[in-house]
Protein chains: 2
Amino acid sequence: MAKQKKDLSTEEKIKEAARKVFTSKGFAAARTRDIADEAGMNLALLNYYFRSKEKLFEIVMIENLLHFISGIQTLLYDTTTSIDEKIDNLTNYYIDQIIEYPDLPLFILNALKSNSKFLKGKLNKNIMLNSHFMQQLQEELKKNKKKIKPLHFVINTFSMIIFPFVARPLLMEVALSKDAEFIELMNERRKLIPVWIKTILRS
Amino acid sequence: MAKQKKDLSTEEKIKEAARKVFTSKGFAAARTRDIADEAGMNLALLNYYFRSKEKLFEIVMIENLLHFISGIQTLLYDTTTSIDEKIDNLTNYYIDQIIEYPDLPLFILNALKSNSKFLKGKLNKNIMLNSHFMQQLQEELKKNKKKIKPLHFVINTFSMIIFPFVARPLLMEVALSKDAEFIELMNERRKLIPVWIKTILRS
DNA sequence: GTCTATATTCTGATAGAC
DNA sequence: GTCTATCAGAATATAGAC
């Protein structure tokens, strides 16, 4: 269970409020006053604890990104799971995560596009390429005599999981009518995506 | 070939500049001064021709969205092409489009998330469901005795095409090192995506 | 229609009391 | 550490001359 707001230090309260506001509105649209209000305190304290709006954003951005990446570390570096289990776990984990934090994917995509300077060197360049999952993919492709870069299958998996969430408003506009239909669709995909990934890997 | 800037009316010049600035920076980060500068004229003219920044954005947003959708209309409603040809055409068309207008997808995803009120009723609710492509998908699934919503395959196709582009900065951070590698990857996908889609449709 | 100058509001940041 | 009050600059919008 999440910690109660009242248990948090002032600094933590601000960071938590900033995370919420920045993640839902992005850097430019967020107002420092919104963050102060959300934290239940005065605007001046933001600049007392953090030097500026930019500094605060940088912290939120890095934490959001690391939160997102940590799932990759945990799941894709697990040497005890098979490639099929990894695909299952990845799909379920990220669908759960995005249902819980629906604004996270678009926030990260935007932040990286506009502010990638912030994290120069902060990310492990080869986190993907060195993973156990990537090794297993390579073996599997070799076994099936496929001359395709394993990275394609990582991209396919994340694409099929994440894209429908970020395109949700468009989907609602052109193909669905109720929120429940979208959730139903994503729960269908929870089972379908692993099947599809395994199929294109081996057929 | 695109029309020369000098041939455009003042109103068109502003709209063109607004499209460029809004599409690359989004509504909140865009400055009306940037737009005026980009159009090579004075700030006051923006408010003379369009009432406000919001109105101008609304126009740009709808035009961008319709530009994106028009490809769907053209390709997915073509009754002379087979389902396989449609998948090939869709992949090539949208990869070409996004290479030409790389900021368009993220702009649309953001705009729809934050400003979907702007286009209430402006979009054909069933543009996807009524398409010839959707009928062909339905037949194909029936032929292969699959009880899966055809919409999933539309989502899969667009996901595998568009997602790598919007995640390009992340990909560059965790798996690639040169821009040329990304372009190479997308050109590989140009051939691979149709194969994958047809495989999961039939296997 | 187009420009310069200016009004008005918003916003990030700070000064200074407590 | 926290608050109130306020500053300085930015940004949108408009007035008014040409």
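Throughout, a chain's letter reflects where its sequence line sits, starting with A, and its residues are numbered from 1. Predicted model, so just to flag it, every value in this text is computed and none were measured.
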Colleague: If you define the side chain from C-beta out and look only at heavy atoms, does anything of L141(B) sit under 4.5 Å from F153(B)?
Modeller: yes
Colleague: Given atom OH of Y49(B) and atom C1' of dT2(C), what is their separation to the nearest angstrom?
Modeller: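 Going from OH in Y49(B) over to C1' in dT2(C) covers 8 Å.
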Colleague: Within this structure, what is the CD1-to-P distance between I14(A) and dG1(D), rounded to whole angstrom?
Modeller: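 The distance from CD1 of I14(A) to P of dG1(D) comes to 10 Å, rounded to the nearest Å.
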Colleague: Specify the separation, in whole Å, of atom CD1 of I35(B) and atom C1' of dA10(D).
Modeller: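 These atoms are roughly 16 Å apart.
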Colleague: Using a 4.0 Å heavy-atom cut-off to protein, can you give one letter per nucleotide of nucleotides 10-18 of chain C, 5' to 3': B if the base is in contact, S if only the sugar-phosphate is, - if neither?
Modeller: -BBBBB---
Colleague: How about Q97(B) and F68(B): do any of their side-chain heavy atoms sit closer than 4.5 Å?
Modeller: no
Colleague: So for atom NZ, which belongs to K125(A), do other residues, nucleotides or ligands contribute more than 12 heavy atoms lying within a distance under 6.0 Å?
Modeller: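 Buried by this count: over 12 neighbours within 6.0 Å.
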Colleague: Taking atom types as modelled and ignoring hydrogens, do the side chains of S131(B) and Q135(B) form a donor-acceptor contact shorter than 3.5 angstrom?
Modeller: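 No pair is found: no donor N or O on one side chain lies under 3.5 Å from an acceptor on the other.
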Colleague: Do E184(B) and K149(A) come close enough that some side-chain heavy atom pair is under 4.5 Å?
Modeller: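 Yes, close enough: below the 4.5 Å cut-off.
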Colleague: List in chain and number order the residues that pass ring pair (Phe, Tyr, Trp, His ring centres under 6.0 Å) with Y48(B), two or more places apart in sequence or in another chain; answer none if no residue qualifies.
Modeller: none
Colleague: Would you mind reading off the distance between K13(A) atom NZ and dG1(D) atom P, rounded to a whole angstrom?
Modeller: 13 Å
